[in-house]
Amino acid sequence: MVSIKQDIRIGFYVCHCGHNIASMVDCPEVASYVEKLPGVVLSRDYKYMCSDPGQELIQKDIKEFDLNRVVVASCSPLLHEHTFRTAVAAGGLNPFFFHMVNIREHDSWVHTDRKEATAKAKALARAAIRRVAHHKALEVKQVPVNPDVLVVGGGIAGIHAALTLANAGKKVYLVEREPSIGGHMAKFDKTFPTLDCAACILTPKMSSVGAHENITLWSYSEVVKMDGYVGNYTVMVKRKARFINEDLCTGCQECVANCIYKEPKFTDEFNEGLGKRKPVYIPFPQATPQVVLIDPDVCLNFKRGVLTDKCKKTCVEACGDRKAIDFKQKEQFTEIKVGTIIVATGFQTFDAKRVLPYGYGVYPNVYTAMEVERLVNASGPTSGEVILRDGRQPKAIGIIHCVGSRDKKTNRWCSRVCCMYSMKLAHLLKEHTGAEIYNFYIDIRAPGKGYEEFYDKLNEEGVHFVRGRVGEVTDWGMTPEEEGKLVIRVEDTLAGFVRRIPVDMVVLATGLEPQADAQDVRRLFNMSCGTEGFFLERHPKLAPVNTFTDGIFIAGCCQGPRDIPDTVAQAGAAAAEAMVLIDKGHVEQEPNTAYVLPDCCGCKSCLPLCPYTAITFDEATKKAVINEALCKGCGTCVSSCPSGSIAQNLFEDEEVFSEIEGVLAD
Amino acid sequence: MKYSYFPGCSLKGLGRAYEESLLPVMKHLGVELQELDDWNCCGATAYMAVDEVKACVLAARNLALAEKSGLNQVMAPCAACYLVLNKAKHYFHDYPAMKATMDRALNAVGLHYSGDTPVRHPLDILLNDVGLEAIKQKVEKPLKGLKVATYYGCQIVRPYATFDDQYNPTTMDRLMEALGATLVHYPLKTKCCGGSLTGTLPEAGIRLVYILLNEAKKRGADCIATVCPLCQFNLDGYHSQLKAQYGDVLVPTVYFTQLMGLAFGLSDKELGLNRAAVPFKWRPPLPAAATPVPA
Amino acid sequence: MVKSMTTPPATKKATVPTRSSDRPNVQRPGEESVPIMKMRPTIKYEADRVRGFGREIMSVPGCEQLQSCIQCGTCSGVCPLSIYMDHTPRQVMALTRADFKNEVLRSRTIWLCASCYACTVECPQEIRITDIMYELKQRAILEGIFPKRFPIPILAYDFSEMVKKNGRITEMILVIKLFMKTSWLAALGNWRLGIDLIKTGRFSLVTEKIKHHGDIARMMDAVDDQKGS
């Protein structure tokens, strides 16, 4: 028999969790087993410990039986540790005289043998009983929260989150990598299913961001470093050189008109390469901020990005007294302090060249959906006229769904928006050209409000829907009508035979995937990624905008493909979550911090290991010192200290070892 | 450079022109080939349909013999052999039950296969071991002006893309360019020739041959270069039927090794060029207007 | 007529007994549709399934992925021979998974597969469709489910026998045997090809044989012993 300190009086509770636990674990048997363990004063089983009566039972027992330790065997501490600690505190005990055992996720849900599962529950309970005897009274520390927020990414998610916070009176830094905010949405022509003009609904929000007194907008900038912890983050932002003084530029674009290049001749990124721009340019008419930039790779005043000063600089002349052009501008680094961060870095579209059988990059009349968005857009490179790369107008168009989605060879997930945007493009192309339009799909996914109705509308408009994933797009014809056309070969799976359909234009509905640098961003903000590379939310249902790092939230497509309404909703939710911390004003820190024992020999080996730089060296005492506010309780220093002179609250040696002994004992 | 050489049944039969051109070309490049002693049928496509396990066992015997020969690598020029030997190797590594069967069968005849021997295609060896530079140096009569449609067929790139891209293989393209030939954009380069269906279900099989030839002709190819004896046979042998059924699509089909031989200055006869039903005659320098005249 | 020469009778005989679902998929120009309307129910009852057939196929090495088929039709879309099939490759996948053994093994699809592996490399679910077709062909041969004088299984069978006996294939002998067993007329249709082969010195009836031809039989026996045990 193991000796337990004389004054220890433990109350044990095993929860049935309805059938979740009771169906696989014999709860009454566990309770009667634990009752006989040393130090246990009372042991009960109860249907729902988390219910109000369950919590009241703990409080009542503490008083009635003079308990000074409590153990609950139920679900995951992630869900209810806080509930039970609160109940224990209400009963008059220090909340850390409590320990929780997970016999649901760790036991009943993962086993199929009732006898074995019951034995395991007993072992886990026994371990907790031994451990809790060594628990000490601890205090929760409070740390103030910096009320300023950083929003990373200026797409619709970042814009909405920033505006929500700013309208609530919070100071927001919005950092965007591109020269203008707006993201992918700024490139869209219309939005499904209502066919609102994307620019009409987005640009008012963009200009609000630009004008808002509470928002500091840094476009053409990137976050390069983040330190600190929830409520107190320090962030380094790189502001790339755009060779224009943002404060002096009025957006008049005289410089663009007077550039030494009379005609635009360089690939226009905003128009997906379908249009041209000059070396000095503004990405699109409604760009925010309304500030031009100079591309040093093509500007005559540079050679391969290095300043040569050999151009006549007609732009500088045109700028005149405004003196906004600064060829000597260098990238700058600015440090800011914020309490919370919303990551809304978005997605990239799948590179259609990766699906070779569809001929993107081989056949000029094969387009990506983003290209078509620009092609049908009134402010696009053709002013909204659908003219193919060979100058013809298409009479038949095939739209291929699921390019780079639902495909184990590329991306296996469903990108969620392609069915709908394909239908939107089908509608717009039909409207613009009157062409025969075919949609090739595997399954139509139209689960949003008004989406199915939109599908109906398309059917009524006479757009063809062929259920089948396209085998290939080729340029070889077998019949006279196929000559000179692109031929789509596909099984019409609902009809049950193979068809060859000649078209003039093929549109590839490319899927959404994580940004190319998503892994770098993940490391930067200490987040996790799912296997596919999208940022991982803390809980798929109940904490969809939280990450595993407190104070860092995610919104929009960086978490997974979604449409605009969902993105906006999530951005609002992320803003609200940030405000929870800001308005509360402080965060409570789990007192699982490490502390240095007197026998520290001052070897300093722990100093470089701490990921939170919480350890410093006290030259006076020649010992390591741990800053409790910075320590996150990771335990790295504890396990690495060569002399065993660092201990950690809630993970003291005797707590851990007695728990291990408890599991292994019979 | 020395390799074990697995010719396969076709290169001794209908596809003998492949062997006849392959051997002198390799010799010319200083590649030594040692024919696998007492090799047997690879276990080809037709056998796979009867018993996949036995087909793999047949292939395993050849792999075991190759290992026994002491030459580390085996060269299989026939596309079907190349695939089946590789497939048996994959199965040997992927499925323990299959490995056990192969071990047992080989044991019955006193052989052993460890699973190592790389199976390589001549194109792989030419491009990656010999190298295009070395090949270019041997070119005496560049194929200047010759418009070639490179046709890889199925089985050297599917399902195992080993040395080339599955969708758009380019090894033969690069080789042809090194010989001085002009490439014709030929999107059907990995399409199926119909295999043995030309004989068993001619209606279906010959149609595929027609598509391949018609497209090569439309795109102005002087010849189609192949890597597979069955492809060569199909594309070369059915022209009278094709003519009756679809119209004339006469384009000669030659082995890539025959073109290499021509560029190296070897004679038609040495390269088995007399073995084709549709003769291919080409002499540098070729006047721009002249195209090969079908007999 | 020329046409009858290029479409040998062997093919016509080869068609599998007609069923409602056997209607030719493509009506070529000039072809008349058949005016006779024979009533025949197309419904399938649970009793028509051979329960466990799908599972059995999916347990064969290489065929496991069939369970994740999403019926997208990519296989049929890339298959060069799908235009002649009674059931498209996708349908064969569905029928196999749903245990419709008789429908699958009687389908001419499995015989039309030329093993070009296009479906296998294109399948978004990485199903090795060609290998499944091989497995289905083996089952059909094993159960003798194919029309009399149907050349493809006969060729496959003769091929395997010749390998077992000689260790190698002599192509011309194999082809001549095939024509004898299926159709002389088909051989006549190919007279021109035969002449070409003789003229180009490729027509050889010398049997190719390996030295240790007993080896092959011993290895096959070893495989059979193991199957039996």
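The structure presented is a predicted model; accordingly, all values stated were derived computationally and were not measured. Order of the sequence lines fixes the chain letters, A, B, ..., with proteins taken first and strands second; residue numbering starts at 1 for each chain.
- To the nearest 0.5 Å, atom OH of residue Tyr157(C) and atom CG of residue Asp51(B) are 12.0 Å apart.
- Between chain B and the residues Ala156(C), Ser204(C), Ala140(C), Pro153(C), the largest count of heavy-atom pairs under 4.5 Å involves Ala156(C).
- For a residue to count as touching a neighbouring chain, one of its non-hydrogen atoms must lie under 4.5 Å from one of that chain's; by this rule Val53(B) touches chain C with the side chain only.
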key: Verdict with supporting geometry, Tyr95(B) and Val60(C), side-chain contact (heavy atoms from CB on, under 4.5 Å)   = CA-CA 10 Å; Tyr95(B) 299 106; Val60(C) 172; over 6 Å; no
inquiry  = Between Lys137(C) and Val50(B), is the side-chain contact (heavy atoms from CB on, under 4.5 Å) condition met? List the steps.
reply    = CA-CA 7 Å; Lys137(C) 282 182 215 181; Val50(B) 178; over 6 Å; no
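- Going from atom SG of Cys41(B) over to atom CG of Asn166(C) covers 11.0 Å, rounded to the nearest 0.5 Å.
- To the nearest 0.5 Å, atom CG of residue Asp215(C) and atom CG of residue Asn40(B) are 8.5 Å apart.
- The side chain to side chain donor-acceptor pair (under 3.5 Å) test with Asp38(B) is passed by exactly one of His212(C), Lys211(C), His213(C): His212(C).
- To the nearest 0.5 Å, the span separating CG on Asn274(B) from OG1 on Thr200(C) amounts to 8.0 Å.
- Proximity to chain C (any heavy atom under 4.5 Å) is shown, for Lys191(B), by neither the backbone nor the side chain.
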request  = Mind running side-chain contact (heavy atoms from CB on, under 4.5 Å) on Met220(C) and Leu58(B) for me, showing each step along the way?
outcome  = CA-CA 9 Å; Met220(C) 297 303 129; Leu58(B) 282 174; 3.7 Å; yes
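- Residue Asn107(B): no heavy atom, backbone or side chain, is found under 4.5 Å from chain C.
- Side chain of Arg275(B) to backbone of Gly201(C): a donor-acceptor contact under 3.5 angstrom is found.
- Ion pairing between a basic and an acidic side chain is recognised when a charged N comes within 4.0 Å of a carboxylate O; Asp236(B) and Arg202(C) show such pairing.
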Acceptor/donor pairs from residues 124-133 of chain C side chains to any protein atom, 3.5 angstrom cut, sequence neighbours excluded:
residue	atom	partner	partner atom	Å
Gln125(C)	NE2	Ser68(C)	O	2.8
Arg128(C)	NE	Asp131(C)	OD2	3.1
Arg128(C)	NH2	Asp131(C)	OD2	3.4
Thr130(C)	OG1	Thr120(C)	OG1	2.8
Asp131(C)	OD1	Lys87(B)	NZ	2.6
Asp131(C)	OD2	Tyr91(B)	OH	3.2

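- Only the backbone of Ala276(B) comes within contact range of chain C, with heavy atoms under 4.5 Å apart.
- Between atom OH of residue Tyr117(C) and atom SG of residue Cys192(B) there is a gap of 11.5 Å, rounded to the nearest 0.5 Å.
- A donor-acceptor pair under 3.5 Å is formed between the side chain of Arg104(B) and the backbone N or O of Ala222(C).
- Only the side chain of Gln155(B) has a heavy atom closer than 4.5 Å to any heavy atom of chain C.
- Within the 3.5 Å criterion, the main-chain N or O of Cys9(B) finds no donor-acceptor partner in the side chain of Arg168(C).
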